[in-house]
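Being a predicted model, the structure only gives us computed values, none of them experimental. Order of listing sets the numbers, starting from 1, for every ligand and every atom in it.
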Amino acid sequence: MSRRIVVIGSQWGDEGKGKIADMLTGRARHVVRFQGGHNAGHTLVIDGQTTVLRLIPSGILHAGTTNHIANGVVVSPSALAAERAELEARDVPVADRLRISSECSLILPSHVSLDAARESGARQAALGTTGRGIGPAYEDKVARRGLRVGDLFNPSRLRERLEVALDYHNFVLTQYYQVDAVDYQQTCDDLLAHAEALKPITTDVTNALRGACMAGDSILFEGAQGALLDIDHGTYPFVTSSNTIAGGASTGTGVGPGYIDDVIGVVKAYTTRVGGGPFPTEQDNATGRHLAERGNEFGSVTGRPRRCGWFDAAALRRSAFNNGLSSLGVTKLDVLDKLESIRVCIGYQLDGQRLDFAPAGADVLARCEPIYEDLPGWQSDTSGVRELAELPPNARAYLDRLAELVDTPIDIVSTGADRTDAIVCRDPFG
Ligand code: GDP
Ligand code: IMO
Ligand code: MG
């Protein structure tokens, strides 16, 4: 059966999207990244070997799958080259399996400098970005002064547009932030040096996906970051600069919403967040440290420690609505194995009122007090379990309660980092 499925993060990122996408790729002919850039870090563990993908879609390790980087993604040619080289060194035939849209916006070295200058805190409070130039690249895209992948193959146009962009960036860098300018000639030469390698894999991704739809091929749209980091619907300003919610799969690829069959929300059995911003169920205590240690909660790209806390059903209800979730993929259940008792936030208390749905606005969310329900732990090893029937009754009861609280069925339960460590309750690809 041909299915087109969006897999998104439904919290603040790092839910295990890469693992779920890789696991489902066996069933999809195409895997597509539609937003974000190399701020993402998607970890795949296959037979004990770890691969961390930043920009390249998580289907790249499967023969017979075409991976697409669609229009909505911001692309650093140097980051892409580095990631490609790492995979090619392991004999992954990237050129055969990867296509990139000529319409992707470019991340320039000056975007990285601007990101760093802002994050230095000299002029404004730091947000805790990944420092990859993501925000400034999206700003230029929306301001219509950005460069695109297609410009790499038209040197005179590239030089012209780069001059205009760098003129502006360098003015801001030197005059406003009082840091060093970025060299025009160096940037131009570096960009043009990537053109040859990119040319054969650059295409009209939207048209390629149209062909896939017409041929009845299954497609997996792989989200990056998480719904609560969405530029319009997340905890602004503590967000990333793209639409991370499922609707972004349409805007970022040009595949209309009517072509999408299902949306799977990947969610940890608890919650993490990296960088600044409100996090009502955060446990800045021994519990948080236990989750961080058992869950190895350090950024897969930046290595930063992730903040940890309990599952938040109020936040998930908002996310489920924003994404139109068909089902959940619950990950890292095994991380809770040792806990005697597990808390779940079922709503908030705010100004004497009870809320079941996370409120809009980071400031408002920051004032919310979680209302918790305590569930008994199972205190036995669930790592690597592949059958629902093999889970301890309390673990099953915990999962049932999450599904009930979010009013969304669970398709997949992940019980370890490896590709095969999972229970498939319902195969989303049918
Ligand atoms: P992504 O950005 O959503 O793809 O997630 P990351 O790869 O950044 O972070 C998820 C981390 O959890 C990675 O280190 C994965 O290998 C690991 N992981 C994924 N699923 C599970 C699971 O079910 N159990 C455990 N223990 N680790 C998992
Ligand atoms: P994956 O795809 C978790 C966070 C950053 C920061 C904010 C803005 O691996 O889940 P940015 O560099 O995007 O301007 O940073 O967003 N952030 C992520 N957090 N997982 C990610 O990606 C993230 N990508 C960005 O920490 O708070
Ligand atoms: Mg990640």
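Residue-level proximity to ligand 1 for Gln225 is absent, since no heavy atom of it falls below 4.0 angstrom. Of the heavy atoms in Arg132, none comes closer than 4.0 Å to ligand 2. With a 4.0 Å heavy-atom cut-off, ligand 1 is reached by no atom of Thr50. Counting heavy atoms closer than 4.0 Å to ligand 1, residue Thr43 contributes atoms from both its backbone and its side chain. Under 4.0 angstrom from ligand 2, the non-hydrogen atoms of Trp12 all belong to its backbone. The part of Val239 lying near ligand 2 is the backbone, judged by heavy-atom distances below 4.0 Å.
Looking only at protein heavy atoms, the nearest one to atom 19 (N) of ligand 2 is Val274 CG1, 3.3 Å. Scanning all protein heavy atoms for the shortest distance to atom 20 (N) of ligand 1 gives Ser414 OG, 3.5 Å. When only non-hydrogen protein atoms are considered, atom 13 (O) of ligand 2 lies nearest to Thr240 OG1, 2.6 Å. When hydrogens are left out, the protein atom nearest atom 17 (N) of ligand 2 is Leu229 CD1, 3.9 Å; that is the closest non-hydrogen contact. Arg304 NH2, 2.8 Å is the protein heavy atom nearest to atom 26 (O) of ligand 2. Summary of contacts: the protein heavy atom closest to atom 23 (C) of ligand 2 is Gln225 CG, 3.6 Å. Annotation: atom 5 (C) of ligand 2 to nearest protein heavy atom, Gly128 O, 3.5 Å. Scanning the protein for heavy atoms near atom 20 (N) of ligand 2, the closest one is Asp14 OD1, 3.1 Å. Distance from atom 15 (O) of ligand 2 to its nearest protein heavy atom, with residue and atom name: Thr129 CA, 3.3 Å.
Listed by number with element, the atoms of ligand 2 under 4.0 angstrom from any heavy atom of Ala40 are 1 (P), 2 (O), 9 (O), 22 (O).
Ligand 2 has an N or O atom lying under 3.5 Å from an N or O atom of Asn39, backbone or side chain. Below 3.5 Å of separation, one finds an N or O of Thr130 facing an N or O of ligand 2. In terms of N/O distances under 3.5 Å, ligand 1 is not approached by Val45. Considering both main-chain and side-chain atoms, Gly416 comes within under 3.5 Å of ligand 1 through a nitrogen or oxygen pair. In terms of N/O distances under 3.5 Å, ligand 1 is approached by Gly41. Checking only distances, Gly18 does come within under 3.5 Å of ligand 1, N or O to N or O. Ligand 2 has no nitrogen or oxygen under 3.5 angstrom from a nitrogen or oxygen of Gly13. Residue contacts with ligand 1: Asp334 is placed with a nitrogen or oxygen under 3.5 Å of a nitrogen or oxygen of the ligand (distance criterion only).
Closest heavy-atom approach to atom 2 (O) of ligand 2 among the candidates His42, His38, Gln35, Gln11: His42. In this comparison of Lys332, Lys17, Arg419, Arg54, the heavy atom closest to atom 17 (C) of ligand 1 sits on Lys332.
Ligand 1 is approached by Arg306 to a heavy-atom distance shorter than 4.0 Å.
Note: Trp378 and Tyr398 have tilted aromatic rings, judged against thresholds of 30 and 60 degrees for the angle between ring planes.
Here Gly41 reaches the Mg ion (ligand 3): one of its N/O/S atoms is less than 2.8 Å from the metal.
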